[in-house]
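A short write-up of the structure that comes next.
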Amino acid sequence: MLEQSPKLIHAFGALAELGQEVANKNNFQETIRTSLHLLSGALGIMRGGVARYSRYGRELNMLAVRGLGDDFPLSLSVCIEDERQFLMNGLNAIDAHAARVLPFFQVYAASFDRRRIELFVPLIIRDEIVGGLFLGEKATGEPYSSYEKEIICAMGRHIGVAISQRNLLAEIERHSEENRRLFDDLRRTYADTVKAFATAIDCKDKYTEGHSVRVGKYTELIATELEWSPEQIEGAATAGYLHDVGKLTVERKIINAPYRINAKESAELNKHPTVGFEILQAIHHPFTDVPLAAKYHHERLDGRGYPDGLYDREIPYIAKVVNLADSFDAMTTDRPYKARRPAIDVVDDMRRNAGKQFAPELVVAFLRGVLRELKSETKDRRFRRLLGREYMEAEGLMPAISDALNELEPTSSLTYIATRSS
Amino acid sequence: MTENLSFDTVPTAEPASGPTPAIVIAGDYLNKLTGEKIERECKDKIDAGAREIVVDFSQTDIINSIGISILLGVIDNAQMAGAKVVFSDLKPESAELFDMLGLTKHVTIQ
Ligand SMILES: [Fe+2]
């Protein structure tokens with residue numbers, strides 16, 4: 001044994017390096033290739049291969065090979081009996097000649113003999129076959145000693161763990177991918193349902209056909225202009241689509257009244273935000289603001305809105321966004337009792353009501369969006385599609401918007417400070 | 001070299017056959033995965049017709065298991081092509097290791 005000690009030291013050096021290589025979480029392919037080098041070099045093994053086991057296909061697929069030649073199979077099938085025997089054998093070296101009784105060694109006898117495969121080690125980690133080692137003859141030409149087999153198994157355990165870890169990682173990735181797809185499906189279903197709902201709401205109100213859908217789109221445009229995240233934008237759009245859901249319970253003749261409704265009818269209609277809130281509250285939304293948007297979309301900054309007469313900071317932000325979108329659509333579409341207002345009028349209304357009904361920064365965001373489209377700075381023509389080309393090309397609209405923007409938004413914060421201190 | 005001359009001149013840099021052996025420097029990157037390029041280099045020389053590969057260890061201090069594995073690959077490739085492998089300028093510790101692991105059985109040490 002004493003003369004064996006330099007050999008042992010050399011092999012243990014390789015084992016230590018292998019342990020480190022596996023722990024380092026480098027590129028998996030490189031780890032396996034390095035592992036095979038370390039194993040071959042530790043004991044002076046001329047040829048070999050490391051395979052990964054596919055449980056589903058019952059095959060050993062080569063991950064790395066050394067000197068096995070082009071004709072050695074890269075994928076070796078394993079039958080149930082082989083699998084059972086390997087599991088019983090555990091992570092121990094199997095003499096390829098002595099194991100000829102097993103179908104696996106019979107089927108591949110020719111390949112093993114040609115490349116002088118002497119040992120096969122099933123890599124079994126936690127009672128599962130994860131791979132296998134194929135080892136050819138040693139450079140000394142001597143048979144493997146029992147301590148060499150032990151070293152092989154110790155290294156094999158490391159390689160097995162590396163493969164097992166890789167399998168787990170792949171499993172996790174697959175699951176998260178599945179989850180993501182499932183989530184996407186749900187999101188799509190939800191979005192479709194929301195749009196279907198919006199259409200249903202709009203159907204009840206024949207004079208304001210498409211109102212909810214347009215408010216959803218304007219809300220989305222404002223959120224985009226505010227540079228919200230994709231999820232927030234989607235949530236804002238949803239809030240817009242569903243803001244009038246409470247109208248589903250309001251009598252059709254009130255909604256469709258071709259005249260200015262009386263006080264009693266008005267009181268009935270004004271219930272729709274609260275009713276909407278109750279309907280939406282009962283549904284589990286991916287976006288928490290949706291019921292709040294329905295409840296407070298008729299509130300005004302100056303406290304003169306309904307149902308609660310909230311003031312500026314008391315109003316949920318999303319409700320302010322929906323309010324602006326809602327009002328904009330009301331002004332820019334024909335109503336039973338009045339025609340749509342000219343674009344310049346609408347801009348003027350928004351400017352005058354900024355700080356009273358509307359949050360000024362939202363008016364700015366909205367107008368900025370319109371202006372950018374008018375100046376062709378945006379690729380899509382979203383306002384144009386919603387409002388019609390003619391309406392958008394009204395004379396003097398661009399300067400009117402610029403003026404409103406200048407008034408609402410000082411050109412820089414420095415100017416703002418200067419104006420304030422003067 | 002002019003075009004006319006190159007036509008009938010036997011290239012000397014890469015001996016296709018004959019007594020001049022192909023020399024490969026083992027260097028200090030033998031002990032990593034990068035050492036695989038030495039194996040490739042040797043194989044290329046054999047494929048180009050070299051019948052003798054001399055691996056020069058003058059710039060190699062220590063050889064680890066990866067290095068051994070790569071050298072085993074060099075030996076295996078050479079043997080299959082019927083070529084001879086020579087190790088030159090080997091440090092005594094390396095020679096001892098090679099002896100222990102059986103590499104010396106397959107090569108000539110110079
Ligand atoms: Fe409303």
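Both backbone and side-chain heavy atoms feed into the values below; hydrogens, waters and symmetry mates do not. Just so we're on the same page: letters track the sequence lines, and every chain starts at 1.
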Output for pair (B/L33 CG, A/H37 NE2), nearest 0.5 Å, gives 5.5 Å
At a heavy-atom distance under 4.5 Å, which candidate from B/S69, B/G67, B/G35, B/G102 has the highest pair count against chain A? B/S69
Would you find more than 12 non-hydrogen atoms of other residues, nucleotides or ligands less than 6.0 Å from B/D47 atom CG? yes
Taking a cut-off of under 4.5 angstrom between non-hydrogen atoms, the residues of residues 40-66 of chain A near chain B are A/S40, A/G41, A/A42, A/L43, A/G44, A/I45, A/M46, A/R47, A/R66
Turns out that what part of B/E36 lies under 4.5 Å from chain A's heavy atoms comes down to side chain
Approximate separation, where rounding is to 0.5 Å, of A/R115 CZ and B/D76 CG: 6.0 Å
Flag if over 12 foreign heavy atoms under 6.0 Å of CG, A/L87: yes
With a 4.5 angstrom heavy-atom cut-off, which part of B/E93 approaches chain A: side chain, backbone, both or neither? neither
Is the number of heavy atoms from other residues, nucleotides or ligands under 6.0 Å of B/K91 NZ greater than 12? yes
Do other residues, nucleotides or ligands put more than 12 heavy atoms under 6.0 Å from A/L168 CG? yes
Quick check on B/E96: does its CD atom have over 12 non-hydrogen neighbours (other residues, nucleotides or ligands) under 6.0 Å away? no
Between CG of A/L38 and CG of B/N64, what distance do you get to the nearest 0.5 Å? 7.0 Å
Other residues, nucleotides, ligands: >12 heavy atoms within 6.0 Å of A/R187 CZ: yes
Rounded distance [0.5 Å steps], NZ in B/K32 versus OG1 in A/T34: 11.5 Å
Any chance you could measure A/E17, atom CD, to B/N31, atom CG, to the nearest 0.5 Å? 8.0 Å
Using side-chain heavy atoms (C-beta onward) and a distance below 4.5 Å, is A/H10 in contact with B/I68? yes
Calculate, to the nearest 0.5 Å, the distance between atoms CD1 and CZ belonging to B/I66 and A/R33 respectively. 10.5 Å
More than 12 foreign heavy atoms under 6.0 Å from CD of A/E178: is that the case here? yes
Between B/I70 and chain A, which part of the residue has a heavy atom less than 4.5 Å away: side chain, backbone, both or neither? both
Would you check if the side chain of B/H106 reaches a backbone N or O of A/A139 as a donor-acceptor pair within less than 3.5 Å? yes
Decide if atom CZ of A/R126 counts as having more than 12 heavy atoms of other residues, nucleotides or ligands within a radius under 6.0 Å. no
